[in-house]
There are 2 protein chains.
Amino acid sequence: MTETDSLPERKRGSGVKMVYDLLRDEILDLKIAPGSPIDEVQLAERFKMSRTPIREALVRLAGEGLIETLPNRSTMVSNIDFMNLHTFFDALVLMYRVTTRLAAQSHRPEDLAVIRGFHEDYAAALAARDSLTMIATNAAFHASIAEAGRNPYFTSLFRRLLDEGRRILQLYYQSYEEQFPQRFVDEHAAIIAAIEARDIDEADRLGKAHAEAIVAQVQKLFSRNDRLDIAL
Amino acid sequence: MTETDSLPERKRGSGVKMVYDLLRDEILDLKIAPGSPIDEVQLAERFKMSRTPIREALVRLAGEGLIETLPNRSTMVSNIDFMNLHTFFDALVLMYRVTTRLAAQSHRPEDLAVIRGFHEDYAAALAARDSLTMIATNAAFHASIAEAGRNPYFTSLFRRLLDEGRRILQLYYQSYEEQFPQRFVDEHAAIIAAIEARDIDEADRLGKAHAEAIVAQVQKLFSRNDRLDIAL
DNA sequence: TGCATTTTATTTGTCGACAAGAAAAATACA
DNA sequence: TGTATTTTTCTTGTCGACAAATAAAATGCA
């Protein structure tokens, strides 16, 4: 894998963001497994910079819960807390509802173009059966709806949940080569229509149903796994 | 004001947390005004440590939105966004509801002791007319209810909102020497009772009413200020 | 061999120094 | 006197080095 080569000229201050963005994506795409140790020196060599900016990127990632750092001892990629998945699902469903609802209420015409853009990206990824892109664009689609709702508090929590969801869905599609249902695309289209029509209750209802459908699928998988674990 | 003196012996790793906690409190208590510049060198001198741990504390504070940092140029205490207070109130009311509701559903007996502790602290602060302590213990009271609900996603958003609320309430009680209503203490007691009885709907209802009462009070003040601003 | 203790190794936390960027001050020029 | 340009100043971003803390390895001892 060819890394960051040929350009030792980096603009002052861009290093942190670069390391942050890259590590974040690698974590969310499960390119680095949960629980993996993270070595500052190694990263410093890889990105050809000193430990200081690396450290700052790590502090930020820790702030978002993507990595965990034991005092004086290693820092590692956060594990997925399977024991408490239900708290994740609770929060996710509520945020799906709230953000979709607010989007129907507060969106501006130009927001719809952005949302439709991600909607099409998602449909394309599904047609291409590219699960990694599907997962990322699905998250981007819902995040753009949240942005249209214009409540930064909800948006930031929802983004965090969608991020965590990327890791979980990754697992989901890794273990089972499920059929990616066309249904999700249709539901997205329906949600867009409700937002455009400013039908708040319908947006809420669709958001809730959409979220619960996804949650139900994932839960079905994990309950199967749970039984296996117990059986062994 | 005598500062951190006489103990140059600090444990390795404790410096960051100390600076973080102290700055956080000073920001939330409005001891440092919104918009004030923050100088790393000055802080380094004040705490008698190098800029590196100071910097880490600042990065964390920035992650929570308490300070804002302009690239290559100063970093300052975040301003309170009066234009979009309604988004804050929306989020606050919803989180009051959700966390109170979850506490009624999921709390354990030992949680109630903690909650009652903050409840009494709050009542004592009110009796003493100590608004600063009132505001802080009120936030701690509701945060402890959220903890009893055991959903870390909701808890962390709610904590952030309560923090921001501390700054806003500070303004509120600074500009007007309002009567601190006994009513809030009674409402807190009613909320505790509903949680203990595991009456989810009642907890939700009380949480919502309590939140809306506070919001209404603050909005009344700010709408007065708004009119003044327009008049000038 | 099995366990306690010392030694080594590895990784983090902190430091002081230096250079880049941007604002403020000083200078030049009309 | 007023504006454009250069110089200075001040703050941040980055670096390499060192010391503390912990884990792993080595040693001693029964």
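Computed over heavy atoms, backbone and side chain alike; hydrogens, waters and symmetry mates excluded. Numbered from 1 within each chain, the chains take letters A, B, ... in sequence-line order.
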Quick one: side-chain hydrogen bond (donor to acceptor under 3.5 Å, both in side chains) partners of A:Thr69, sequence neighbours excluded?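 Expected list: none.
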
Go nucleotide by nucleotide along DNA chain C from the 5' end; which of A:Glu40 and B:Asn72 gets its closest nucleotide reached first?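 Whichever sits nearer the 5' end wins; that is A:Glu40.
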
Assign [X] to base, sugar-phosphate, or nothing according to its heavy-atom contacts below 4.0 angstrom with the strands shown.
X	value
B:Glu56	nothing
B:Thr75	sugar-phosphate
B:Ile38	sugar-phosphate

Side-chain donor-acceptor contacts of residues 145-155 of chain B below 3.5 Å, not counting sequence neighbours, with atom names and distances?
| residue | atom | partner | partner atom | Å |
| --- | --- | --- | --- | --- |
| B:Glu147 | OE2 | B:Arg159 | NH1 | 2.5 |
| B:Arg150 | NH1 | B:Asp111 | OD2 | 2.8 |
| B:Arg150 | NH1 | B:Ala148 | O | 3.1 |
| B:Arg150 | NH2 | B:Asp111 | OD1 | 3.3 |
| B:Arg150 | NH2 | B:Asp111 | OD2 | 3.4 |
| B:Asn151 | OD1 | B:Tyr153 | N | 3.0 |
| B:Asn151 | OD1 | B:Phe154 | N | 3.3 |
| B:Asn151 | ND2 | A:Thr87 | O | 2.9 |
| B:Thr155 | OG1 | B:Asn151 | O | 2.9 |

Between A:Met49 and A:Val19, is there a side-chain heavy-atom distance shorter than 4.5 Å?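 A:Val19 reaches A:Met49 side chain to side chain.
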
Consider the side chain of [X], meaning its heavy atoms from C-beta on, and name the nucleotide among [options] that approaches it most closely.
X	options	answer
A:Val16	D:dT12, D:dT14, C:dT14	D:dT14
A:Arg73	D:dT12, D:dA23, D:dT11	D:dA23
B:Pro53	C:dT11, D:dC15, C:dT14	C:dT14
B:Arg51	C:dT12, C:dA17, C:dC15	C:dA17
A:Thr52	D:dA21, C:dG16, D:dT14	D:dT14
A:Asp39	C:dT12, C:dA19, D:dG16	C:dT12

Assign the ring pair B:His188 / B:His142 to parallel, tilted or perpendicular, where the plane angle (0 to 90°) is split at 30° and 60°.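 Geometry flag for B:His142 against B:His188: perpendicular rings.
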
Separation of D:dT12 P from B:Ile54 CD1 (nearest whole Å):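 From B:Ile54 CD1 to D:dT12 P: 11 Å.
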
